[in-house]
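Note: hydrogens, waters and symmetry copies are ignored here, and every other heavy atom, side chains too, is used.
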Amino acid sequence: MFRSGPSVRLTLQFKRALATHAATPAVPPTRHSWSKQEIQEIYDSPLLDLVFRAASVHRQYHDPSKIQLCTLMNIKTGGCSEDCSYCSQSSRYSTPTKASRLVDVEPVLEAARKAKENGSTRFCMGAAWRDLSGRKRGFERILTMVREIRGMGMEVCTTLGMLSPEQARQLKEAGLTAYNHNLDTSREYYPEVITTRSYDDRLSTIAAVRDAGISVCSGGILGLGESDKDRVGLIWEVANMPEHPESFPVNALVPIKGTPLEDNEPVPYQTILRTISTARIVMPATIIRLAAGRQTLDETQQAMCFMAGANAVFTGEQMLTTPCSPWDEDKAMMGRWGLEGMRSFEQVGVARKEGARLEAHSQSQAAPASGSETSASVDAQPSA
């Protein structure tokens with residue numbers, strides 16, 4: 001008897017996601033022509049009014065009970081040639097973070113299996129590199145990681161520095177779901193934070209990722225010394241892209257000893273809440289991810305962020321170099337607030353981009369239909 005495997009289930013999820021989306025009342029199309037003044041007026045509105053408006057928009061475009069659980073692994077630590085002033089992985093600063101080589105494939109796969117067992121549906125891998133120049137072997141190893149983790153039925157995300165269009169194409173072929181490349185802040189404030197990579201360099205990588213058919217994950221960091229105008233500038237930049245990012249991470253700076261920003265004051269909670277609320281109104285279909293610094297928020301503060309439209313978190317043992325809330329604590333918190341985890345490929349934007357791959361894989365799996373052994377062998381193959 002033929003037994004359906006992960007690919008068939010994922011395809012059914014894709015079809016259900018699109019069917020559910022089509023069955024709901026029509027929502028206004030997303031805008032890509034916001035002015036900075038419009039966004040500033042939203043950001044500056046009375047806080048409770050702003051949260052209420054964001055919550056209303058969130059419920060038009062998303063199931064408010066669903067939170068995407070993501071786990072992040074640092075697969076190559078430290079030794080980066082960039083001078084990002086917030087980052088302990090820069091070789092220019094004396095920090096507790098020590099440089100290491102790219103991790104072997106199997107420990108990464110084991111970490112992904114553990115994340116999946118604990119409820120995470122997206123596994124993200126970060127390497128402290130400026131770009132992939134001269135890293136052919138390392139890149140091939142990462143492509144293997146992507147194929148294998150995608151074969152587990154998980155969404156896969158990487159952040160590897162700047163990419164060329166060809167490198168983005170190879171990642172897409174390997175099965176990459178999303179690529180993280182944060183803009184960090186506004187174009188105007190950016191030179192105060194980083195000088196070794198231009199704003200346009202970042203936008204070029206994002207364009208290469210988008211053109212390859214990979215979902216874009218791009219957000220910023222609050223607490224770099226920027227102003228409200230800069231936070232608005234960041235949102236304006238991503239909101240006027242040809243496609244809104246699939247996900248928008250909101251990071252609160254975690255000052256690390258030895259970096260130029262080690263003495264920065266913590267970003268006020270209301271700033272985090274305003275940023276999430278404004279991003280939700282301006283980019284209504286985007287996943288908004290509570291990222292670094294979440295462990296500094298108490299449970300009720302996090303709940304207010306979820307109310308305002310945040311619908312993804314990093315969970316597990318650690319971020320890249322900063323603390324992370326563990327799975328058990330997050331699942332208990334979600335249970336208290338009536339929240340549940342999103343399935344892989346449940347987000348409509350991701351489902352649309354991945355639908356053809358899932359459909360083709362399920363058809364190739366169903367074709368032999370000669371028993372569970374054949375089914376299992378096809379499940380083990382990476383997505384093409």
ask   = M283 and P245: which non-hydrogen atoms are nearest, and at how many Å?
value = SD-CD, 3.9 Å

ask   = According to the interplanar angle, ranging from 0 to 90°, do the rings of Y179 and H181 count as parallel (below 30°), tilted (30 to 60°) or perpendicular (above 60°)?
value = tilted

task = Decide whether T97 and S88 meet the rule of one side-chain donor and one side-chain acceptor closer than 3.5 Å.
result = yes

note = side-chain hydrogen bond (donor to acceptor under 3.5 Å, both in side chains) test vs R294 passes for just one of D330, N251, T315, namely D330

ask   = Same cluster or not: are Y61 and F52 linked, directly or through other Ile, Leu, Val, Met, Phe, Trp or Tyr residues, by side-chain heavy atoms under 4.5 angstrom apart?
value = no

task = Evaluate the criterion salt bridge (charged side-chain N to carboxylate O under 4.0 Å, His left out) for residue pair E38 and R31; output intermediate values, then yes/no.
result = CA-CA 12 Å; E38 286 178 298; R31 278 184 60 188; 3.0 Å; yes

Side chain proximity check, K331 to N118, heavy atoms < 4.5 angstrom = yes

Test log, rule side chain to side chain contact (heavy atoms under 4.5 Å, CB included), inputs C84 and Y93 = CA-CA 10 Å; C84 307; Y93 313 132; over 6 Å; no

request  = Calculate, to the nearest 0.5 Å, the distance between atoms CG and NZ belonging to D263 and K257 respectively.
outcome  = 8.5 Å

request  = May I ask you to check whether over 12 heavy atoms, not counting those of M307, lie within 6.0 Å of atom CE?
outcome  = no

message = Checking side-chain polar atoms at under 3.5 Å, does D83 have a donor or acceptor matched by the opposite partner on T196?
response = yes

request  = Indicate, with yes or no, if V193 and M162 share a hydrophobic cluster defined by side-chain heavy-atom contacts under 4.5 Å among Ile, Leu, Val, Met, Phe, Trp and Tyr.
outcome  = no

inquiry  = For residues L50 and M304: do they belong to one hydrophobic cluster (side chain heavy atoms under 4.5 Å, members Ile, Leu, Val, Met, Phe, Trp, Tyr)?
reply    = yes

query = At what distance, to the nearest 0.5 angstrom, does CD of E226 lie from CD1 of I221?
reply = 9.0 Å

request  = Under 4.5 Å between side-chain heavy atoms, chaining through other members, with only Ile, Leu, Val, Met, Phe, Trp and Tyr counted: pull out the rest of the cluster around M342, sorted by chain and number.
outcome  = I287

request  = Run through E155, E243, E246 and flag the one making a salt bridge (charged side-chain N to carboxylate O under 4.0 Å, His left out) with K353.
outcome  = E243

request  = List the steps, then state whether side-chain hydrogen bond (donor to acceptor under 3.5 Å, both in side chains) holds for D298 with T300.
outcome  = CA-CA 6 Å; D298 63 34; T300 54; 2.8 Å; yes

request  = Decide yes or no for T185 and L234: does some side-chain heavy atom of the first lie under 4.5 Å from some side-chain heavy atom of the second?
outcome  = no

request  = Considering non-hydrogen atoms only, spot the tightest contact between G79 and A99 and give its length.
outcome  = N-CB, 3.8 Å

inquiry  = Is it the case that over 12 heavy atoms from other parts of the model lie below 6.0 angstrom from the CD atom of E265?
reply    = no

task = Answer yes or no: is there an ion pair linking E188 with K36, defined by an N-O contact shorter than 4.0 Å?
result = yes

Nearest heavy atoms of I142 and T158, plus distance in Å = CG2-CG2, 4.4 Å

key: For the student: nearest non-hydrogen atoms of A54 and A308, plus distance   = CB-O, 3.3 Å

task = Find the distance between CZ (R141) and CZ (R137) and round it off to the nearest 0.5 Å.
result = 9.5 Å

Where A178 and R122 come nearest, the two heavy atoms and their spacing = CB-NH1, 3.6 Å

query = Between atom CG of D131 and atom OG1 of T205, what is the distance when rounded to the nearest 0.5 Å?
reply = 8.5 Å

message = Is it the case that the side chains of S227 and D230 hold a donor-acceptor pair, with the cut-off being a distance below 3.5 Å and no angle test?
response = yes

ask   = Side chains of E192 and L224: does their closest heavy-atom pair fall under 4.5 Å?
value = no

Spacing of L163 atom CG and I214 atom CD1 [to the nearest 0.5 Å] = 7.5 Å

inquiry  = Ignoring hydrogens, what is the shortest heavy-atom contact between L183 and V238? Give both atom names and the distance.
reply    = CD1-CG1, 3.7 Å

ask   = Is the count of non-hydrogen atoms from other residues, nucleotides or ligands lying under 6.0 Å from Q270 atom CD greater than 12?
value = yes

message = Please evaluate residues R202 and I194 with respect to the criterion side chain to side chain contact (heavy atoms under 4.5 Å, CB included), reporting the C-alpha separation (whole Å), side-chain torsions for both, the decisive distance (0.1 Å), and the verdict.
response = CA-CA 11 Å; R202 291 185 181 259; I194 303 156; 3.2 Å; yes

request  = Identify the residue among Y199, Y190, Y189, Y86 that makes a side-chain hydrogen bond (donor to acceptor under 3.5 Å, both in side chains) with D184.
outcome  = Y86

key: Salt-bridge criterion met for R147 and E173 (N-O under 4.0 Å)   = no

remark   = Applied to residues 117-150, the ring pair (Phe, Tyr, Trp, His ring centres under 6.0 Å) test, sequence neighbours excluded, yields none

task = Go through E110 and K114 one step at a time and tell me if the salt bridge (charged side-chain N to carboxylate O under 4.0 Å, His left out) criterion holds.
result = CA-CA 6 Å; E110 181 57 35; K114 183 176 180 180; over 6 Å; no

query = Would you find a donor on one side and an acceptor on the other, under 3.5 Å apart, between the side chain of W34 and the backbone of N240?
reply = no

ask   = Looking at Q347, Q68, R289, which one forms a side-chain hydrogen bond (donor to acceptor under 3.5 Å, both in side chains) with S247?
value = R289

key: Within-4.5 Å side-chain heavy-atom neighbours: N180 and P249   = yes

ask   = Can you find a heavy atom in the side chain of L69 that is under 4.5 Å from one in the side chain of S120?
value = yes

note = SG of C87 to CG of L253, rounded to nearest 0.5 Å, is 11.0 Å

query = According to a 4.5 Å side-chain heavy-atom criterion applied to Ile, Leu, Val, Met, Phe, Trp and Tyr, with indirect links allowed, do W236 and M241 form part of one hydrophobic cluster?
reply = yes

query = Checking S344 side chain against G153 main chain: does a donor-acceptor pair fall under 3.5 Å?
reply = yes

inquiry  = With a 4.0 Å cut-off on N to O distance, would you call R336 and E299 a salt bridge?
reply    = yes

Salt bridge present between R113 and E117 (N-O < 4.0 angstrom) = no

